[in-house]
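Below you'll find the structure, written out as structure tokens, and then a few comments.
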Amino acid sequence: QVQLVESGGGLVQAGDSLRLSCAASGRTPSTMGWFRQAPGKEREFVAAISWNGGSSYYADSVKGRFTISRDNAKNTVYLQMNSLKPEDTAVYYCAVYYSGSYYFKSSYRSWGQGTQVTVSS
């Protein structure tokens, strides 16, 4: 089983940038995804990237601002977040894709513990 550890979250102001990292315990030859969850809300899709980095997918709410990437040699997936908004405040999780739509949380396994991102205005 793959274990994932997210890092890079923090408290920033609107318009600032952050880069999140997701370190895996071993090779992850699968699509990887980022999700986020605000208090009292459902965990929602943010972005996903194919195993070789050739394809990426984004939620409409982050398209043009966030960029997902991966370095398989380091067993790490990244989420570069630019032009952050208060609405981006949430705990961010990475996960390994299993089966189904890339946009559904039920399609993923091996969730990390999450990293908090707080954006103030």
Side-chain angles (χ1 to χ4, degrees):
Q1 297 182 11
V2 176
Q3 292 187 330
L4 306 175
V5 179
E6 300 93 336
S7 62
L11 173 62
V12 298
Q13 295 181 323
D16 285 353
S17 298
L18 281 174
R19 187 180 73 160
L20 306 184
S21 297
C22 172
S25 61
R27 287 183 294 175
T28 55
S30 174
T31 294
M32 298 287 295
W34 283 97
F35 287 74
R36 65 188 182 186
Q37 186 167 24
K41 296 189 176 181
E42 299 179 28
R43 191 168 299 187
E44 66 177 4
F45 173 80
V46 176
I49 186 168
S50 61
W51 73 272
N52 65 353
S55 300
S56 58
Y57 312 87
Y58 298 94
D60 289 341
S61 59
V62 307
K63 186 165 53 180
R65 299 188 297 121
F66 291 9
T67 302
I68 188 171
S69 62
R70 67 190 299 167
D71 185 342
N72 289 339
K74 297 182 178 180
N75 297 323
T76 302
V77 180
Y78 304 96
L79 184 68
Q80 178 67 44
M81 306 186 296
N82 298 328
S83 301
L84 283 163
K85 305 175 180 179
E87 306 93 275
D88 296 318
T89 296
V91 176
Y92 283 71
Y93 301 88
C94 64
V96 180
Y97 173 79
Y98 173 69
S99 180
S101 172
Y102 296 142
Y103 299 88
F104 296 167
K105 61 181 181 291
S106 61
S107 301
Y108 295 78
R109 300 288 187 273
S110 301
W111 298 90
Q113 87 290 344
T115 185
Q116 177 71 48
V117 173
T118 302
V119 184
S120 65
S121 59

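The structure presented is a predicted model; accordingly, all values stated were derived computationally and were not measured.
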Which heavy atom of L4 sits nearest a heavy atom of A95, and at what distance?
CD1-CA, 3.5 Å
Are D16 and V119 close enough that some pair of their side-chain heavy atoms sits under 4.5 Å apart?
no
If I compare all heavy atoms of T115 with all of E6, which pair ends up nearest, and what's the gap?
CG2-CB, 3.9 Å
Distance col, row S30:OG vs R109:CZ, nearest 0.5 angstrom, shows 11.0 Å
Working to the nearest 0.5 angstrom, can you tell me the gap between R36 CZ and F45 CZ?
11.0 Å
Let me see the working for D88 and K85 under salt bridge (Lys or Arg N to Asp or Glu O under 4.0 Å), right down to the final yes or no.
CA-CA 5 Å; D88 296 318; K85 305 175 180 179; over 6 Å; no
Consider only side-chain heavy atoms of I, L, V, M, F, W and Y, link residues closer than 4.5 Å, and tell whether Y58 and Y78 are in one cluster.
no
With no hydrogens and no angle check, is any side-chain donor or acceptor of Q37 less than 3.5 Å from a backbone partner on A90?
no
For Q3, look at atom CD and say whether over 12 heavy atoms of other residues, nucleotides or ligands are found less than 6.0 Å away.
no
Can you confirm whether more than 12 heavy atoms, excluding those of W51, are under 6.0 Å from its CH2 atom?
no
Using ring-ring contact (aromatic ring centres under 6.0 Å, His included) as the criterion, point out the one residue from F35, Y98, Y103 that pairs with Y108.
F35
Pairwise side-chain contact, L20 with M81, heavy-atom cut-off 4.5 Å (strictly under)
yes
Euclidean distance, S99 OG relative to F104 CZ, rounded to 0.5 Å:
12.0 Å
Closest approach of M32 to C22 (non-hydrogen atoms, all atoms of both residues)
CE-SG, 4.4 Å
Any idea which heavy atoms bring V96 and S110 closest together, and the distance?
CG2-CB, 4.0 Å
Please round to the nearest 0.5 Å and tell me the distance separating atom CG of N52 and atom CZ of R70.
8.0 Å
For V5, which fellow cluster members are found when Ile, Leu, Val, Met, Phe, Trp and Tyr are connected by side-chain heavy-atom distances below 4.5 angstrom, either directly or through intermediates?
none
Under a 3.5 Å distance rule, please check whether S107 uses its side chain to pair with a backbone N or O of Y97 as donor and acceptor.
no
Would a single hydrophobic cluster contain both V2 and I49, if residues Ile, Leu, Val, Met, Phe, Trp and Tyr are joined by side-chain heavy-atom contacts under 4.5 Å?
yes
Nearest-0.5 Å distance, OG of residue S121 to CD of residue E87
9.0 Å
According to the interplanar angle, ranging from 0 to 90°, do the rings of W111 and Y93 count as parallel (below 30°), tilted (30 to 60°) or perpendicular (above 60°)?
perpendicular
Here the pair of heavy atoms bringing S50 nearest to T31 is CA-OG1, 3.6 Å
Please give me the minimum heavy-atom distance between S83 and R65, naming the atom from each residue.
O-NH1, 3.0 Å
Evaluate the side-chain proximity of C94 to V77: yes if any heavy-atom separation is below 4.5 Å, no if none is.
no
